[in-house]
2 protein chains.
Amino acid sequence: MSDVFKALADPTRRQVLQALKRGPKSAGELAGAFPVSKPTMSAHFAVLREAGLITAERQGKSILYHLNVSVLEEALLGFAGVFGLGSDANPGDPS
Amino acid sequence: MSDVFKALADPTRRQVLQALKRGPKSAGELAGAFPVSKPTMSAHFAVLREAGLITAERQGKSILYHLNVSVLEEALLGFAGVFGLGSDANPGDPS
DNA sequence: TAGACAATTAGCCAATTATCAAATTATTGT
DNA sequence: ACAATAATTTGATAATTGGCTAATTGTCTA
C-alpha cells in the first residue's frame, strides 16, 4: 500500500492515471502527452505497474496500459476510511 | 495538493496522522511512539505542516499537533472522485 | 537568572529518485 | 533476413529524501 501512495506522490504519475480513466492507451501515446522523455515515462510506468495501479498488455508493437481502478480505490478509500471519511457507515472507531 | 500526496507517501507520516485521529498530541509524545530520533520526527512534522495536514499549537513547553481532517478529505476524496470512486453520485464524467 | 525540559535548526551522509541520451529488445512488414 | 517502429534497459548525473548527532531556541520554574 505504501507503494501506491509513493506512486501517487508524483504529479505526472497521477496525470497518467487520469489519462487512463477512459480506457487503455499505449506507452507512446501517453508519453506523447507529457513534456518528458520516453525513458522517463517508461520509468513512471514501472512505478505505477509495481504499485499495481496499471497493467500492461502487449498489442503488436505497442504496449497498452490499463488503469486498475480497484487498487486505487482500495488505497484511497481504505485510508480515508480510517479517518471516518468517505461514504462508509462508520468503520472508523467511533468510541 | 501535490504536497499532500508527497506527505502521504511516507509510512511514518501516515501513522502520525492516524495517531492524531483521536485528538492533539505533543511533538514529544508522537516522537516517543516511533523508532526514529526526535529531529527526524520534527522533519516529518514540518512536511505534514507544509502540506496543511496538521497544525501546531504551542502549549507551554510543548507543541501540540492537531490533525487537519478537511485537507486530508479534500485530497483523498477529491482525487478519488475524479475516478468516480467514493460516495458521490457520479461527479466523474459518466459519458 | 540559571538550569532543565521540549522542540527545532544546522550540518552531514547514504540511499533513492527523476531525468536524459544511447544502446538494447521485441515485433511487424517487406 | 532487414529495416522500421515501439518500448524498455543501461549508465550517468543532479536533486531530493530520510536519517543521525550536535547545537540552538523557546519556555517554565526554582
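Order of the sequence lines sets the chain letters (A, B, ...), proteins ahead of strands, with each chain counted from 1.
- Between B:L8 atom CG and D:dG18 atom P there is a gap of 12 Å when expressed in whole angstrom units.
- Of the residues near DNA chain C, B:K38 and A:V47, the one whose nearest nucleotide (by heavy atom distance) lies more toward the 5' end is B:K38.
- The side chain of A:S62 contributes no N or O atom lying less than 4.0 Å from OP1 or OP2 of D:dT5.
- In this structure, CD1 of B:I63 is placed 15 Å from P of D:dT25, rounded to the nearest angstrom.
- Note: A:F5 and A:F79 have perpendicular aromatic rings, judged against thresholds of 30 and 60 degrees for the angle between ring planes.
- Nucleic acid contact class of B:S26 (heavy atoms, under 4.0 Å, all strands): sugar-phosphate only.
- The side chain of B:K61 has D:dT27 as its nearest neighbour among D:dT9, D:dT27, D:dT17.
- On the nucleic acid side, DNA chain C has its first and last nucleotide under 4.0 Å of a heavy atom of chain B at C:dC5 to C:dT9, going 5' to 3'.
- By the rule that hydrophobic residues join a cluster once side-chain heavy atoms approach within less than 4.5 Å of another member, A:L17 and B:L76 end up as members of one cluster.
- Atom pair B:F45:CZ and D:dG18:P shows a separation of 14 Å (rounding to whole Å applied).
- Atom CE in A:M41 sits roughly 12 Å away from atom C1' in D:dA7 (whole-Å rounding).
- Side-chain contact between B:T12 and B:T40 is absent, with no heavy atoms from C-beta onward closer than 4.5 Å.
- Taking atom NZ on A:K6 and atom C1' on D:dT16, their separation rounds to 13 Å, with Å as the unit.
- Here D:dT16 presents its P atom at 21 Å from CZ of B:F5, a figure rounded to the nearest Å.
- To the nearest angstrom, P of D:dT16 lies 13 Å from CG of B:D3.
- Closest-nucleotide positions on DNA chain C for A:Q59 and A:T12 were compared, and the one nearer the 5' end corresponds to A:T12.
- Between the CG atom of A:L30 and the NE2 atom of A:H44 there is a distance of 12.0 Å, given to the nearest 0.5 Å.
- When side chains are defined from C-beta on, B:I54 does not count as touching B:N68, because their heavy atoms never get closer than 4.5 Å.
- Atom-to-atom, CZ of A:R58 to P of D:dT5 comes out at 16 Å; the value is rounded to the nearest Å.
- Residues satisfying the side chain to side chain donor-acceptor pair (under 3.5 Å) criterion with A:S2, sequence neighbours excluded, are B:R14.
- If you check every strand for non-hydrogen atoms under 4.0 Å, A:V36 touches sugar and phosphate atoms only.
- Considering only heavy atoms from C-beta on, A:M41 comes within 4.5 Å of A:V36 through its side chain.
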